[in-house]
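Just below is one structure, and these are the notes that go with it.
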Amino acid sequence: MAKPKVAFYWCASCGGCEEAVVDLAENILKVVEAVEFVLWPVAMDFKIKDVEALQDGEIAVSFINGGIRTGEQEHVAKLLRKKSGLVVAFGACAHLGGVPGLANFSNRDRIFDYVYHKSPSVDNPERIVPQEKTVVREGELTLPEFYNTVHTLDQVIDVDYYLPGCAPPPDLIMNAVEAILTGNLPEKGAVLSPDKSLCDTCKRKVTKPEKTVIREIKRVHEVMLDPEKCFLDQGIICVGPATRDGCGERCINANMPCRGCFGPTSRVDDQGAKFLSALASIIDADSEDAINKITDSIADPAGIFYFYSLPASMLKRRLDI
Amino acid sequence: MKDFEPRIIGFLCNWCSYAGADAAGSARKIYPPNVKVIRVMCTGRIDPQFVLKAFQSGADGVLILGCHPGDCHYKEGNYNALRRFHLLRTMLAQFGIEKDRVRLDWVSASEAEKFVATVNDMVKKVKILGPLRKTAVA
Ligand code: SF4
Ligand code: SF4
């Protein structure tokens, strides 16, 4: 029997998701053994035209990581959708927009202005910015359109499954690969991780008092963190209550609070708003001034509550630019 | 923007503010029809997701009215609303949603006048701000 064909593609991503696949260590040999890669730009030399030459649906599964930021990414995502039986959004960026999605607090013009003119390390006296079309002696050169907004993968194509995480942990990747190879799959649209909140399995939960109260919000570099105690109980923002379980608590075990890369559970539409609600309700103050004093001490609330999920949030982006 | 009629969603608590709005109606007080009222049992029940949903669905403003501090039917639901409110407004400003588009105030069952004044003031402010701008997302 022919081995199932697999594509692994990156869009607006950092490369960490590719790294996570390499981190499968010897398990990767099992994967390579069982499947035939038809596209994997970071590791193998295939061209888009190789994919175009395949029949519709011929690829068993495409794993796509990264958000959609450019016209080329949208184009390849659509091509892979057409050629694939299954599409898996791989990692937080494809799933929710991820860290690159925080750029939705800005827009294309501001980003270009900073990157090509204002950034202190830039020397660009002719003020050159990338153009979609440039005519040179040899002909016309093109670059993909850079969108105003970062999109999640499912805002651009139909997605069958989501592998959450920044990056997805090796055990979840292997479980997913095995489920796909054996056809033992959950309902379409499922996020391949337990549907409960991180606090549920967090080992610091036992230290959580009956009623957590926050009187002062601190940042991780400002205090010596107690490695046993719940972060919220130490006045440190931890997005665990509004985040899906299944990551293996890598951050928590490294004494760093959760930043929400697994996204919300299925009962939540907007991870940031949900966390805001949870955080506000443990603030120990009743007067307007006292409440404001505590909440004003949160540096960049939107940035922290939507660290990974801005493009997937209800508002998706800053509305006035 | 003379012709702009803002769409405002009003979340009113069942026990005080909804009754206050009702009193204003029974007394035949005149106030602008821009506020679409959603009755909730308590301001403490207003999940910040509701406010985002309103903006996502095309509202230009959100008005939250509840019982005065100390008067909450459920003891401290309104304090919970207050705790969320300031943080939510700060966060919404980062999304480009101006502070005057979201308002929390206290209106008791007998304060028909205050209800009318609050609605008037809110409508006036959101009219000045204009429609909630929507960036083209491409
Ligand atoms: S999910 Fe994390 S590791 Fe993967 S591309 Fe995005 S930022 Fe990188
Ligand atoms: S808030 Fe963070 S530290 Fe506390 S129990 Fe939840 S995940 Fe663990």
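What's counted below: heavy atoms across the whole structure, side chains too, no hydrogens, waters or symmetry copies. To find a chain, count down the sequence lines: A is the first, B the second, and so on, and within it residues start at 1.
- For A/Ala290, no part lies under 4.5 angstrom from a heavy atom of chain B.
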Could you walk me through whether A/Tyr306 and A/Phe275 pass the ring-ring contact (aromatic ring centres under 6.0 Å, His included) test, one step at a time? CA-CA 9 Å; A/Tyr306 295 99; A/Phe275 182 71; over 10 Å; no
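- Note on A/Thr295, A/Asn292, A/Ile294: by heavy-atom pairs under 4.5 Å with chain B, the leading option is A/Asn292.
- Heavy-atom distances place the side chain of A/Leu279, and not its backbone, under 4.5 Å from chain B.
- Contacts of A/Leu319 with chain B are made by both backbone and side-chain atoms, with heavy-atom separations under 4.5 Å.
- Of the candidates A/Val159, A/Val156, A/Leu153, A/Leu153 is the only one forming a side-chain contact (heavy atoms from CB on, under 4.5 Å) with A/Ile64.
- In terms of modelled atom types and a separation under 3.5 Å, the side chain of A/Glu216 and the main chain of A/Ser297 share no donor-acceptor contact.
- At a 4.5 Å heavy-atom cutoff, B/Ala81 makes no contact with chain A through either its backbone or its side chain.
- A 4.5 Å side-chain heavy-atom check between A/Ile68 and A/Thr152 finds every atom pair outside the cut-off.
- A/Ser197 has its side chain out of reach of A/Pro241: every pair of non-hydrogen atoms, C-beta onward, lies at least 4.5 Å apart.
- Ranked by heavy-atom pairs shorter than 4.5 Å toward chain B, the options A/Ile298, A/Ile291, A/Ile283, A/Leu276 are led by A/Leu276.
- Most heavy-atom pairs under 4.5 Å with chain A, from the set B/Lys53, B/Arg83, B/Arg84: that is B/Arg83.
- By number of non-hydrogen pairs under 4.5 angstrom with chain A, the leading residue of B/Gln94, B/Glu76, B/Gln56 is B/Gln94.
- Both the backbone and the side chain of A/Asp300 come within less than 4.5 Å of a heavy atom in chain B.
- Residue A/Glu74: no heavy atom, backbone or side chain, is found under 4.5 Å from chain B.
- Considering only heavy atoms from C-beta on, A/Phe146 comes within 4.5 Å of A/Ile111 through its side chain.
- Using a 4.5 Å heavy-atom threshold, the side chains of B/Val119 and B/Val116 count as separate.
- We find that B/Lys114 and B/Asp105 are joined by a salt bridge, their nearest charged nitrogen and carboxylate oxygen being less than 4.0 Å apart.
- With chain A as the partner, the residue from B/Leu88, B/Leu52, B/Leu87, B/Leu92 showing the most heavy-atom pairs under 4.5 Å is B/Leu87.
- Contact count against chain A (heavy-atom pairs under 4.5 Å) is highest for B/His86 among B/Arg133, B/His86, B/Met91.
- By number of non-hydrogen pairs under 4.5 angstrom with chain B, the leading residue of A/Asn107, A/Val268, A/Asp296 is A/Asp296.
- Looking at B/Glu111 and B/His68, their side chains come closer than 4.5 Å, going by heavy atoms from C-beta outward.
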